[in-house]
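The next block holds one structure in the form of structure tokens; read it before the comments.
Below, read A as the first sequence line, B as the second, and so on, with proteins coming before strands; counting in each chain starts at 1. Below, each value reflects all heavy atoms present in this structure, side chains not excepted, and no hydrogens, waters or symmetry copies. Just so it is clear, the structure is predicted and the values come from calculations on it, not from any experiment.
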Amino acid sequence: MAPKMRTRGTTRTLQSSNDEETKTNAHSEDSPLEVGQAVRGKRKGSGKTGKQESSKAKKSPERPQYCHWLMKSEPESRLENGIDVKFGIEDLKTLPNQTGCWDGVRNYQARNFMRDMKEGQHAFFYHSNCKEPGIAGVMKIVKESYVDHTQFDKKDVHYDASSKADNPKWSMVDVQFERMLKRFIPLSELKKIHLQHKVKGGSLNGMALFTRARLSVQPLTTEEFEFVLSLEDNDPL
DNA sequence: GCCAACGTTGGC
DNA sequence: GCCAACGTTGGC
């Protein structure tokens, strides 16, 4: 499974220019994430003392359970630390079984959303940082979150010197190409609709693409997902 | 290439 | 825990 893919997830790690190690991003693991069960104190710091829950402990009944997603990747060549991060939907189609691992996400909120993903759910493949940004197609989650091996690979663009093998920070999922949209839905069109819906109400009123623009892995409500799909059959705005 | 928005870091 | 400085994202 899973050949590797290079995405950028938004994420690009904290490294950037050279890595220095530093870091620890100590906190931050949270985000919306697990509130944990129980009430024990309010979550707040979580107290994570050293034990981490094993990654999975999880699931909190209280955070909204999303079942549709949008994942960004760059379809045009761009060098990052000398490595081309290009990975568009056509690249996904090319992989064996049209399946790849969505590695390289180095942002806690995005990572946490990936950890919420369930096998069989659908995600839009969004083309970012390119001539025409927008939604190109649909993919399916075929493997739930597991350790992103690229965090330990010094030659990888998203290598993270602060992540230790016995307590990996970053996760990824496997995705499989499902289909192209009948027509590419450009960001500009989604934006116009979003603006209208903000005023008069409508499905895309609170779409994360606009309310949390920099998140590379974001949730969509079922209503949002279906609304976007309905645009396929309309003429471009 | 610019730059606004926003996440992260780290001093205090 | 606050918050200023800094770095990244990603549209334009």
Side-chain angles (χ1 to χ4, degrees), chain A residues 5-34 41-49 69-89 91 102-115 123-136 148 150-151 156-164 167-172 184-196 198 204 206-220 228 236-237:
Chain A
M5 98 185 325
R6 270 140 190 192
T7 15
R8 120 215 252 54
T10 287
T11 330
R12 347 178 107 265
T13 321
L14 332 152
Q15 44 187 53
S16 50
S17 355
N18 346 254
D19 39 343
E20 27 232 289
E21 32 273 19
T22 358
K23 28 289 221 28
T24 20
N25 316 297
H27 19 338
S28 342
E29 286 255 337
D30 42 12
S31 22
L33 181 20
E34 30 231 16
K42 15 217 14 336
R43 77 137 42 244
K44 51 188 353 344
S46 44
K48 7 205 71 219
T49 16
W69 314 93
L70 178 148
M71 302 170 89
K72 301 179 183 176
S73 188
E74 303 185 31
E76 295 173 4
S77 288
R78 185 176 64 81
L79 298 186
E80 202 173 312
N81 298 338
I83 298 169
D84 192 354
V85 296
K86 169 184 186 295
F87 188 82
I89 197 163
D91 298 299
W102 204 266
D103 63 28
V105 171
R106 299 291 183 271
N107 167 281
Y108 290 108
Q109 293 183 65
R111 177 202 69 179
N112 292 341
F113 283 129
M114 283 202 296
R115 289 182 176 180
F124 285 131
F125 194 124
Y126 179 89
H127 281 171
S128 68
N129 212 13
C130 56
K131 202 68 98 37
E132 180 144 57
I135 298 173
D148 177 347
T150 66
Q151 66 196 300
D156 193 275
V157 201
H158 303 289
Y159 171 64
D160 181 358
S162 73
S163 183
K164 301 305 173 201
N167 187 17
K169 285 186 181 173
W170 309 112
S171 303
M172 64 186 180
F184 180 84
I185 311 287
L187 175 65
S188 58
E189 178 171 345
L190 292 169
K191 183 177 286 181
K192 287 177 200 162
I193 295 168
H194 165 68
L195 290 175
Q196 289 174 195
K198 269 209 304 187
L204 301 193
M207 195 181 188
L209 193 56
F210 304 103
T211 60
R212 312 174 70 186
R214 296 177 42 191
L215 249 195
S216 67
V217 174
Q218 35 183 266
L220 276 82
V228 172
L237 263 203

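A parallel orientation is assigned to the rings of A/Phe210 and A/His194, their planes being inclined by less than 30° (bins at 30° and 60°).
No engagement by A/Lys131 is indicated, since no non-hydrogen atom pair under 4.0 Å with the nucleic acid exists. A/Tyr126 comes within 4.0 angstrom of sugar-phosphate atoms only, judged by non-hydrogen atoms across all strands, and of no base.
One atom, CZ of A/Arg212, and another, P of C/dG10, lie 13 Å apart when rounded to the nearest Å. For the pair A/Leu209 CG and C/dG11 P, the interatomic distance rounds to 8 Å; values are reported in whole Å. As rounded to whole Å, 13 Å separates atom P of C/dG11 from atom CG of A/Leu215. Rounded to whole Å, atom P of C/dT8 lies 13 Å from atom CG of A/Asp160. Distance, A/Leu187 CG to C/dC12 P: 5 Å, rounded to whole Å. Rounded to whole Å, atom C1' of B/dT8 lies 9 Å from atom OH of A/Tyr108. Taking atom CD of residue A/Glu76 and atom P of nucleotide B/dG1, one finds them 15 Å apart after rounding to whole Å. Atom CD in A/Glu80 sits about 15 Å away from atom P in C/dG7, given to the nearest Å.
Using modelled atom types and a 3.5 Å distance limit, the side chains of A/Arg106 and A/Ser163 yield no donor-acceptor pair.
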- Task: Quick one: the dot-bracket string of DNA chain B, using Watson-Crick and G-U wobble pairs with both distances under 3.5 Å, [ ] for crossing pairs and | for bases paired to another strand.
- Result: ||||||||||||
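The ring of A/Tyr108 has its center closer than 6.0 angstrom to the ring center of A/Trp170.
Counting only heavy atoms from C-beta outward, the side chains of A/Glu189 and A/Ile135 never approach each other to under 4.5 Å. Within the 4.5 Å cutoff, the side chain of A/Leu215 has heavy atoms near those of the A/Phe113 side chain. Taking 4.5 Å as the limit, every side-chain heavy atom of A/Tyr126 sits out of range of all side-chain heavy atoms of A/Trp69. Between A/His127 and A/Glu76 the shortest side-chain heavy-atom distance does not fall below 4.5 Å. Taking 4.5 Å as the limit, some side-chain heavy atom of A/Met207 sits within range of a side-chain heavy atom of A/Val228.
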Interface polar pairs with nucleotides 3-5 of chain B, N/O, under 3.5 angstrom:
unit_1: B/dA5; atom_1: N3; unit_2: A/Arg214; atom_2: NH1; d: 3.0

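Listed nucleotides: C/dG11, C/dG10, B/dT8. Nearest to the side chain of A/Asn107: B/dT8.
The shortest non-hydrogen separation linking A/Glu132 to A/Pro186 is OE2-CB, 3.6 Å.
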